[in-house]
Amino acid sequence: TNKFFPSSFFLVAIFLVLALSSPPALSTMAAFRLGDFKASVRRPPDVQRDARRTDMRANAKEKRSQLLSLKRLRPERERFPRSIKAAAEHLETQAATDAAGDVAQQQLREIVVSLMRSDGQYDYRDLNALLGQGVMRIKDFLDMPKSIELLQRGLATPAHQLPACWCVGNVAAGLPMHTQASLPVTPYLINFLSSSSPLLQDTAAWALGNIAGDGPACRDTVVAQGCVPPLNSLLQTSDSPQALASAAFALSNIARGEGAPTQLLLDVGVISSLHRVLTQAQDHPTVAAECCWLLSNLTDCNDVARTAVVHNGLVSPVAFHFVSNVRLACFSSEAVTPSLRTLGHLACGPDEYADVCLSQSDILPALYACLTSSLEHLQLEAAWVCSNLAAGRREHAAALLSAGLAAGALPLLGKAPKFQSEAAEFLLSLGDHGMEELQALLSLGTLTAFGRLLSSVDEDIVRLALQFVELVCRTKSLGQPLQMELWDCSELVDDLQSVASFHDSQDTQAMAGDVLRVYFLDQDGE
């Protein structure tokens, strides 16, 4: 018996420690405390909204990914060499695919040799047809000796400039090593931006956009070579929709990411150039979309750019583009996202900017259409924009509630964590404004929906749910006449106990424990 005494004593000690540290047993139908209570575990509403807005600014780039590729191939299908067309029509097995690749590789060698000899059998359009097939053909081409010199020769020859420029654009659309290999020819591309040929201007701007889209190093190289002023001049003067779209695409990639030369873009007059293009691009949705992507990148975490956009009257054409696309019977994420994201970035700024956004015609019905659409990406984007707007003035929250956006966001709480997070942030921002807004949310059944989130495996989701529960409890304990939805208090208490006792995060445990002790324990601590 004695040899088991130490371990038995140890077990008893562990039991006592757990008993003393565990939350006291709670009444299954415990009432809210209406008397004295401890300081709230949640920050004051104004401080909370400001902190959330700061987080939105800091994390804007991480929270959403660009729908459009930073680089784009342009296949020239009508110029496929005849042997490649024949092979491609019979790709039914892997063996056939491999055979077609061998045919293409052999054809590529013949084209390069012919171009080197200038024998006239092939031209740069044939080369471009193969490069447009993708990374493998680009790699095969660059593995050949003097391949870049061959492109330089074409760029220097007026008769071959356009197809050679097209070749460069497709090479730059490949892997980073392929893009970097194309850097020696960028002076030609910049020079072509001032060409009298709109098609050559378009192709050069597209190629520069692919190079800038590779990353900060390539972007900074083309900026240092002076590509920004002629690209902006293209926006100011061109009447070609294709050239305008490509110039905006290139400038958008230049404006993207850390260290982007935003001030340079503002100094050369990009904002006024975009105003010209957007107000005239109503019949060219692709041009407007590219311009909105540029505005989105400019206004991402940049207050100076936001101010310039608002003060130069660009909110109206952006909102028009957004609403017009949403009104289409089959609107797409690609068409709607750039303008929607620009509006979201503007709403991250001062409340006056949100005033301007909300004053635009039909903006809230369009947001509701996105929030309730079948396109999940647009649901996320719209919830994020609504959250930014709700973090502003109280009248902003009232407008969002009146337009039914809270009801539209509520089903997102039952989806995957990324949807739950965006919707919870939005609804919390609304509820923070006061008793009227919170009552409007409770009438929709939000307390039950947030209560279910307490069992989430995502820590951030659980903390958002705790914040909403605490907000309701705090408002109720202050004697506010909240009309609660019918719900089982015992289920909520059980969920809070579970978080307070078993959650992986000690901070989250403590947060749940504070809510229990402040609002659900009676005067005897039971």
Within the distance-only criterion (no hydrogens, no angle test), does the side chain of E422 pair as donor or acceptor with the backbone N or O of L380 below 3.5 angstrom?
no
I want to check a possible cation-pi pair here: R72 against W206, using under 6.0 Å from ring centre and within 45° of the ring axis as the test.
no
Heavy-atom pair of closest approach, residues A172 and S182:
CB-OG, 3.9 Å
Could you check T299 against L346 for side chain to side chain contact (heavy atoms under 4.5 Å, CB included), going step by step and ending with a plain yes or no?
CA-CA 7 Å; T299 55; L346 295 175; 4.1 Å; yes
Check ion pair D495-R452 (N to O, under 4.0 angstrom):
no
Salt bridge (charged side-chain N to carboxylate O under 4.0 Å, His left out), that's the test. Do K418 and E376 meet it? Break it down for me.
CA-CA 10 Å; K418 60 182 180 180; E376 292 189 338; 5.2 Å; no
Calculate, to the nearest 0.5 Å, the distance between atoms OG1 and CG belonging to T342 and L314 respectively.
9.5 Å
Hey, what do you get for CG (L413) to OG (S421), rounding to the nearest 0.5 Å?
10.5 Å
Is any side-chain heavy atom of F450 closer than 4.5 Å to one of L427?
yes
Can we say D214 and K71 salt-bridge, meaning some charged N sits less than 4.0 Å from an Asp/Glu carboxylate O?
yes
For S240 and Q201: C-alpha separation, side-chain torsions, deciding distance, then whether side chain to side chain contact (heavy atoms under 4.5 Å, CB included) applies.
CA-CA 9 Å; S240 164; Q201 290 176 323; 5.9 Å; no
Do L375 and F331 have side-chain heavy atoms sitting under 4.5 Å apart?
yes
Quick check: does any side chain N or O of S272 sit under 3.5 Å from a backbone N or O of G269, one acting as donor and the other as acceptor?
yes
Heavy-atom donor-acceptor pair, N232 side chain to V228 backbone, under 3.5 Å
no
Applying side chain to side chain contact (heavy atoms under 4.5 Å, CB included) to F426 and L405, what does each step give before you reach the verdict?
CA-CA 10 Å; F426 169 39; L405 287 159; 4.0 Å; yes
A212 to R219 - nearest heavy-atom pair and separation
O-CB, 3.7 Å
Would you mind reporting whether L496 and L466 have side-chain heavy atoms less than 4.5 Å apart?
yes
Show the numbers, then the answer: is there a side chain to side chain contact (heavy atoms under 4.5 Å, CB included) between F249 and L294?
CA-CA 7 Å; F249 164 66; L294 173 52; over 6 Å; no
Does the pair D202/R74 count as a salt bridge with the N-to-O cut at 4.0 Å?
yes
Working to the nearest 0.5 angstrom, can you tell me the gap between I138 CD1 and C167 SG?
10.0 Å
What are the two closest non-hydrogen atoms of Q379 and F419, and how far apart are they?
OE1-CE2, 3.5 Å
Distance col, row L231:CG vs L251:CG, nearest 0.5 angstrom, shows 4.5 Å
Would you call R517 and D514 a salt bridge, taking side-chain N to carboxylate O under 4.0 Å as the test?
yes
Ignoring hydrogens and angles, tell me if any N or O in the side chain of S443 forms a donor-acceptor pair with the backbone of A440 under 3.5 Å.
yes
OG/S339 to CD/E381 distance, rounded to the nearest 0.5 angstrom?
10.0 Å
Check: D351 side chain, G392 main-chain N or O, donor-acceptor pair, under 3.5 Å
no
Which heavy atom of A406 sits nearest a heavy atom of L401, and at what distance?
CB-CD2, 3.6 Å
I need the minimum non-hydrogen distance between S316 and Q360, along with the two atoms involved.
OG-OE1, 3.1 Å
Hey, is E470 close enough to R463 for a salt bridge, meaning N to O under 4.0 Å?
no
S505-E459 side chain donor-acceptor pair, cut-off 3.5 Å
yes
For N388 and A347, indicate whether the former's side chain and the latter's backbone hold a donor-acceptor pair under 3.5 Å.
no
Any salt bridge linking R276 with D239? Criterion: basic side-chain nitrogen under 4.0 Å from a carboxylate oxygen.
yes
Which of parallel (below 30°), tilted (30 to 60°) and perpendicular (above 60°) describes W384 and H345?
perpendicular
First locate atom CG of L295, then atom CZ of R341, and finally report the distance between them rounded to the nearest 0.5 Å.
13.0 Å
Minimum heavy-atom distance between V287 and P241, given as atom pair plus value
CG2-O, 3.3 Å
